[in-house]
Amino acid sequence: MNHDKMTNISAKRGFLWPSFEIYSGVSGFTDYGPLGASLKNNIMQKWRKQYVSGEGFYEIEGPTVMPKEVLKASGHVDNFTDPMTKCEECGEVFRADHIIEEVIGEDVESLENEELDSIVIENNIVCPECGGKLANIWNYNLMFKTMIGAKGDKVGYMRPETAQGIFILFKRLERFFRGKLPFGVVQLGKAYRNEISPRQGVIRLREFTQAEAEIFLNPKDKTTPKFKQIENEILYLSSQEVQETNGEPLKITAKEAVDKGIVANEMLVYQLYLAKKFLNEIGIPDEVLRFRQHLAGEMAHYALDCWDVECLTDKYGWVEIIGIADRGDYDLTSHTEFSNDELNVFIEYDQPKLVKKTVVKPNLSKFGPVFKGDSPKVKQAIEQADADEIIKALEDNGKYVIELDKTYEVPEELLIVEEVEEEISGEKIVPHVIEPSFGIDRIVYSVLLHSFKDGQKDYFKFAGEVAPVQVGVYPLVNKEGPREIAEDITNKLRLEGYTVEHEVTGTIGKRYARADEIGVPLAITVDFDTLDDEKVTIRNRDSEKQERIAIDEINSYLEEYYK
RNA sequence: GCAGUUGUGGUAUAGUCUGGUUAUUACUUGGGCCUUCCAAGCCUACAACCCGGGUUCGAAUCCCGGCAACUGCACCA
């Protein structure tokens with residue numbers, strides 16, 4: 001692990017570059033150079049392979065600009081904020097809660113802005129810079145705000161996460177999956193947060209890439225048939241208890257984790273396992289990973305359970321790269337409330353249920369003459385009221401009293417009390433959501449950091465599946481004969497879909513060294529012997545071993561290596 | 001966001017304090033020669049004073065502002 005050396009080479013060889021560099025840059029943004037973009041794409045493709053083809057989830061793609069309504073419902077408009085104030089004299093802007101805390105020495109985090117304003121006035125808090133008067137406190141929202149359309153009255157925001165784009169499609173998706181739970185939907189894409197002061201390079205960006213899966217399941221059944229296959233896999237888990245007692249991570253099987261109630265349910269454990277598998281396969285080993293359960297105070301209020309996957313770095317310590325949460329029905333319920341669309345699933349019972357119940361309904365022929373024009377609203381109130389409550393009122397007083405715009409007394413003879421038997425074939429439930437959320441940029445960084453080897457030579461030992469360049473082809477000497485054969489091999493491999501580096505100049509050692517640096521796993525050299533025996537030398541980056549194979553066998557050799 | 005430090009070719013640097021020649025050196029990179037397996041050698045070329053303003057006859061050098069990076073503090077739903 002060597003952040004400094006790694007970032008140096010990653011910039012030199014075209015992985016990560018600071019954005020807008022020729023205009024002196026803007027922090028919180030990064031460019032992926034040619035190899036970085038390729039590495040990132042490979043990682044995202046691998047992610048799709050695991051979650052879309054592997055798990056049978058489907059990918060959607062929504063807009064990155066969202067109307068205010070969506071983010072109002074999700075809570076981002078109101079809660080994704082910091083309180084700010086501005087000096088009316090010198091124009092300086094401050095975090096209001098910080099200034100206040102400095103003066104009065106108390107935690108004011110949970111207070112409303114109006115309360116903060118009055119604290120400012122009561123304590124005569126002024127601008128720390130010039131002593132000027134402070135303006136009323138407003139919320140600085142971490143979302144990028146924009147206008148939709150020319151009139152400018154439609155407020156939009158750049159999405160702060162990709163997840164909301166899935167939740168708001170729920171009705172369509174539920175139809176697409178024909179109402180069968182569980183089903184999974186993923187979205188990969190950019191998300192935006194206008195951080196006040198990002199300063200950890202690619203670890204904290206204002207524009208970043210997420211890969212999120214939303215798994216909708218029945219709250220009463222959070223099992224998964226796939227669990228059987230992985231129940232004996234070992235996981236290293238830092239549960240709340242482990243953290244509170246500063247203990248060692250638990251080394252337990254997936255099954256034990258569920259049975260002992262350390263992780264809330266089967267599906268959640270299964271997702272932890274999938275995350276681990278993914279990271280291992282792209283070159284991040286278990287030794288630098290930890291699975292950390294959110295502490296009680298850390299967890300969002302609606303979350304039923306939440307685990308972070310963190311990756312060890314030399315520069316930033318443990319960095320959160322994945323969050324896996326059971327979000328309950330929070331998102332769908334909230335969007336149901338704000339949109340007035342019912343975001344739920346009808347679950348049919350195995351057997352229809354016969355339910356006996358007592359209903360109270362108005363006797364309409366007597367109702368009209370008594371209540372006249374008011375009868376529709378009294379009728380409605382009766383229908384909405386709890387039947388048992390009405391019956392009790394009738395038993396006690398012989399009448400039921402309704403408080404609307406005025407008080408209505410409904411005598412017993414205007415009501416019909418009936419025993420009815422209803423057949424109920426199922427129920428509407430709001431699915432729960434388990435959400436694995438991957439920070440792709442942080443994962444790319446982690447892959448770079450942990451693939452990087454320094455020593456005699458510095459190089460990226462990328463896992464074959466994510467290596468940006470898969471094979472180098474070099475004529476040993478740039479002379480007629482080997483040159484043409486090498487060109488021919490390169491062209492054929494490119495047609496096969498491989499990313500090939502073709503290089504004719506420089507000593508062979510230098511070309512190997514350069515290929516090693518960017519993590520090309522295999523190199524093919526063509527020499528004069530090739531003209532006679534139609535064989536080439538194939539060199540392995542990691543072992544530096546060479547073997548001689550026939551040109552005809554190159555394809556199957558690569559297929560075997562990269563399968 | 002606050003405080004301190006820093007900003008010279010692609011990279012690493014000299015020069016800045018004490019203003020004055022064509023801005024130093026090495027590596028890298030492009031072209032050529034040579035070269036039959038791990039950064040060799042030779043020739044040659046490209047290439048920089050973070051941006052803006054000020055002081056001055058003259059600014060990489062002094063002053064002011066901005067931007068960025070680093071360190072510490074704060075923030076991180």
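Values reported hereafter were calculated over all heavy atoms of this structure, with side chains retained and with hydrogens, waters and symmetry mates removed. All chains are named by letter (A, B, ...) in the order of the sequence lines, taking the proteins before the strands, and each is independently numbered beginning at 1.
- Nucleotide B/A68 forms a pair with B/U6, judged by Watson-Crick or G-U wobble geometry with both contacts under 3.5 Å.
- An OP1 or OP2 oxygen of B/U71 is reached within less than 4.0 angstrom by a side-chain nitrogen or oxygen of A/Lys315.
- When the P atom is compared between B/G66 and B/A74, the two are found 25 Å apart, to the nearest whole Å.
- With both ends at atom C1', the span from B/U25 to B/G65 equals 34 Å, rounded to whole Å.
- Donor-acceptor pairing under 3.5 Å, judged by distance alone, is present between the side chain of A/Asp527 and the base of B/C37.
- Between A/Lys12 and A/Glu517 there is a salt bridge, with a side-chain nitrogen of the basic residue lying less than 4.0 Å from a carboxylate oxygen of the acidic one.
- Between A/Lys5 atom NZ and B/A12 atom P the separation is 14 Å, expressed in whole Å.
- In this structure, a donor-acceptor pair under 3.5 Å is present between the side chains of A/His335 and A/Gln164.
- In the displayed structure, A/Glu496 atom CD is contacted under 6.0 Å by more than 12 heavy atoms of other residues, nucleotides or ligands.
- Rounded to whole Å, the distance from CZ on A/Arg206 to C1' on B/G1 is 11 Å.
- Using the Watson-Crick or G-U wobble rule with both distances under 3.5 Å, B/A59 pairs with nothing in any strand shown.
- Between A/Arg290 and A/Asp308 no salt bridge is recorded (no basic side-chain N to carboxylate O distance below 4.0 Å).
- Nucleotides B/C70 and B/C34 have their P atoms positioned 47 Å apart, rounded to a whole Å.
- Residues A/His3 and A/Tyr445 bring their aromatic ring centres within 6.0 Å.
- Figure legend: A/Arg539 and A/Tyr512 shown as a cation-pi pair, the cationic atom lying under 6.0 angstrom from the six-membered ring centre and within 45 degrees of its axis.
- In this structure, CE of A/Met6 is placed 17 Å from P of B/U11, rounded to the nearest angstrom.
- As rounded to whole Å, 14 Å separates atom C1' of B/C76 from atom CD of A/Glu310.
- Looking at heavy-atom distances under 4.0 Å, A/Asn478 makes contact with a base.
- Pairing for B/G1 is with B/C73, a Watson-Crick or G-U wobble pair whose two hydrogen-bonding atom distances lie under 3.5 Å.
- The interatomic distance linking A/Leu476 (CG) with B/C34 (C1') rounds to 14 Å, in whole Å.
- The phosphate of B/C37 has neither OP1 nor OP2 within less than 4.0 Å of any side-chain N or O from A/Thr537.
- One atom, CE of A/Met143, and another, C1' of B/C76, lie 16 Å apart when rounded to the nearest Å.
- RNA chain B lies under 4.0 Å from at least one heavy atom of each of the following residues of residues 9-31 of chain A: A/Ser24, A/Gly25, A/Val26, A/Ser27.
- Taking for each of A/Thr505 and A/Ile508 the nucleotide of RNA chain B with the nearest heavy atom, the 5'-most of the two is the partner of A/Thr505.
- Across all strands shown, A/Glu320 has no heavy atoms under 4.0 Å from either base or sugar-phosphate atoms.
- Of the P atoms belonging to B/U61 and B/G54, the separation is 14 Å, rounded to the nearest Å.
- Electrostatic pairing of A/Lys457 and A/Asp516 counts as a salt bridge here, judged by a charged N lying under 4.0 Å from a carboxylate O.
- Within the structure, every side-chain polar atom (N or O) of A/Lys510 is placed at least 4.0 Å from both OP1 and OP2 of B/U35.
- Aromatic ring centres of A/Phe15 and A/Phe460 lie closer together than 6.0 Å.
- Salt-bridge annotation for A/Arg548 and A/Asp527: present, with a side-chain N of the basic residue lying under 4.0 Å from a carboxylate O of the acidic one.
- A/Tyr316 OH: more than 12 foreign heavy atoms inside a 6.0 Å radius.
- A/Lys545 places its NZ atom 15 Å from the C1' atom of B/C37, with the value rounded to the nearest Å.
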What are the atom names and distances for every N/O pair under 3.5 Å that joins the protein to nucleotides 73-75 of chain B?
unit_1	atom_1	unit_2	atom_2	d
B/C73	N4	A/Arg199	NH2	2.7
B/A74	O2'	A/His98	ND1	3.3
B/C75	O2'	A/Arg95	NH1	3.3
B/C75	O2	A/Arg204	NH2	3.3

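- If you check distances only, the side chain of A/Arg539 does reach the base of B/C38 with a donor-acceptor pair under 3.5 Å.
- Here B/G41 sits opposite B/C33 as a Watson-Crick or G-U wobble pair (both hydrogen-bonding atom distances under 3.5 Å).
- Side chain of A/Arg511 to main chain of A/Gly506: a donor-acceptor pair is present (N/O by atom type, distance under 3.5 Å, no hydrogens or angles).
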